[in-house]
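In what follows, a structure is listed as structure tokens, so that the remarks can point back to it.
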Protein chains: 2
Amino acid sequence: MPNHKPIERTSVSRAAMPPRAEVMTIREMCEAFEVTPRTLRFYEQKELLFPIRQGTRRLFTRRDRARLKLILRGKRFGFSLEDIRQLLDMYDRDPGQQEAQLSRTYALAQERLAAMEAQRDELNEAITDLKAQMAWGQDMLTALRRSNRP
Amino acid sequence: MPNHKPIERTSVSRAAMPPRAEVMTIREMCEAFEVTPRTLRFYEQKELLFPIRQGTRRLFTRRDRARLKLILRGKRFGFSLEDIRQLLDMYDRDPGQQEAQLSRTYALAQERLAAMEAQRDELNEAITDLKAQMAWGQDMLTALRRSNRP
DNA sequence: CGTTCCATTTACGTCAACGTCAAAGACTCT
DNA sequence: AGAGTCTTTGACGTTGACGTAAATGGAACG
């Protein structure tokens, strides 16, 4: 029985690094952001992230982390990955057009907001209707039970 | 120029039928329920509908119409077609177990309701957050505009 | 040097509810 | 009999965001 405690192989080198590591491995990223490795590779392939390489291994920089934050935020709002890519791209291309970029982003956000509110309203209508149906079913059930075993 | 007015080919035979036609053609169904032919054929293939045949053509009975109504209602509530099929099947199998059937349906409806409410809550949170982000962006924009052209 | 354990690459699979052809009837009017 | 207009069947395509499996590679531990 070699060792009980799993050895943290890279614990020495990582402990020697500055408190907030410059780069993170794929696994560290996964834990930090609650995503799978597949997701990170997928995002790289879709040009949403650009991890550097140490040999063949990916190392995610602060930039990648900032981007991933934005990606996950965008997803919550219902933006597609393609939408998000275009936005991030825009900010990357020329770091001068701040105003134009922000106003473009704002416009897209407005669209999204409207869509989300529409969806919520539909959902609420459906919920209301379902509740009505259920009330009806409830009554039906009571009546049935009464007649089945009085 | 043969005729301007499009002739209703089946107008005679259909006019001869009782006021509320016993069966409907696929096209009539599509118009009545705002679905495509593909949808109706798909539902038949999935054993949600059972139109009879006149030669090769489908004729949808009152039963089909009742089922379709339920199918579309179920869809609004977020039930999958498979869920719906099972429910309809259940009611079909033995028209005796009314109480058991209704109570099963009620239970499923409760699940659905909970899911829908959860989804709505998530959506609402996202909406709130997006609005917050947008307010921030709004401020940013104002500040940028002020500094860009004062 | 061998074992272990990651990581990577590649590529096909998934899921739902249809959409979108294409080819071949089928019906009716003329 | 031809023309025009449905209808049907069959089968592959679509969409998004990954999941999953297989084969390969490399690094650290012992």
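Basis for what follows: all heavy atoms, side chains included, without hydrogens, waters or symmetry-related copies.
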note: A:E44, atom CD; C:dT9, atom P; distance rounded to Å ~ 7 Å
Calculate, to the nearest 0.5 Å, the distance between atoms CD and CZ belonging to A:E44 and A:R58 respectively. 4.5 Å
Which whole-number value in Å describes the distance from A:R57 CZ to D:dG26 P? 10 Å
Let me know the distance between CZ of A:R41 and P of C:dA11, rounded to the nearest Å. 16 Å
Can you tell me the distance, in whole Å, between the CG atom of A:L59 and the C1' atom of C:dA7? 11 Å
When you measure from the side-chain N and O atoms of B:R27 to the phosphate of D:dT7, is any distance below 4.0 Å, counting only OP1 and OP2? yes
Spacing of B:I71 atom CD1 relative to C:dA16 atom C1', expressed in whole Å: 15 Å
Protein heavy-atom contacts under 4.0 Å, written 5' to 3' over nucleotides 15-21 of chain D as B (base), S (sugar-phosphate only) or - (none), form the string --BBBB-
Atom CD of B:Q45 and atom P of C:dA17: how far apart are they, to the nearest Å? 13 Å
Partners meeting side-chain contact (heavy atoms from CB on, under 4.5 Å) with A:R63 (sequence neighbours left out): A:F50, A:T61, A:R67, A:D92
How many Å lie between CD on B:Q54 and C1' on C:dA26, as a whole number? 11 Å
Whole-Å distance separating the CZ atom of B:R53 from the C1' atom of C:dG25: 13 Å
Would you say that more than 12 heavy atoms from the other residues, nucleotides or ligands in this model lie under 6.0 Å from the CE of B:M140, or not? no
List the steps, then state whether side-chain contact (heavy atoms from CB on, under 4.5 Å) holds for A:R41 with A:I26. CA-CA 9 Å; A:R41 297 193 190 108; A:I26 200 169; 3.9 Å; yes
So, is B:R58 close to the D:dT7 phosphate, meaning a side-chain N or O under 4.0 Å from OP1 or OP2? no
Should B:Q101 and B:R93 count as side-chain neighbours, where that means a heavy-atom distance under 4.5 Å? no
NZ/NE/NH1/NH2 to OD/OE distance under 4.0 Å, B:R65 and B:E28: no
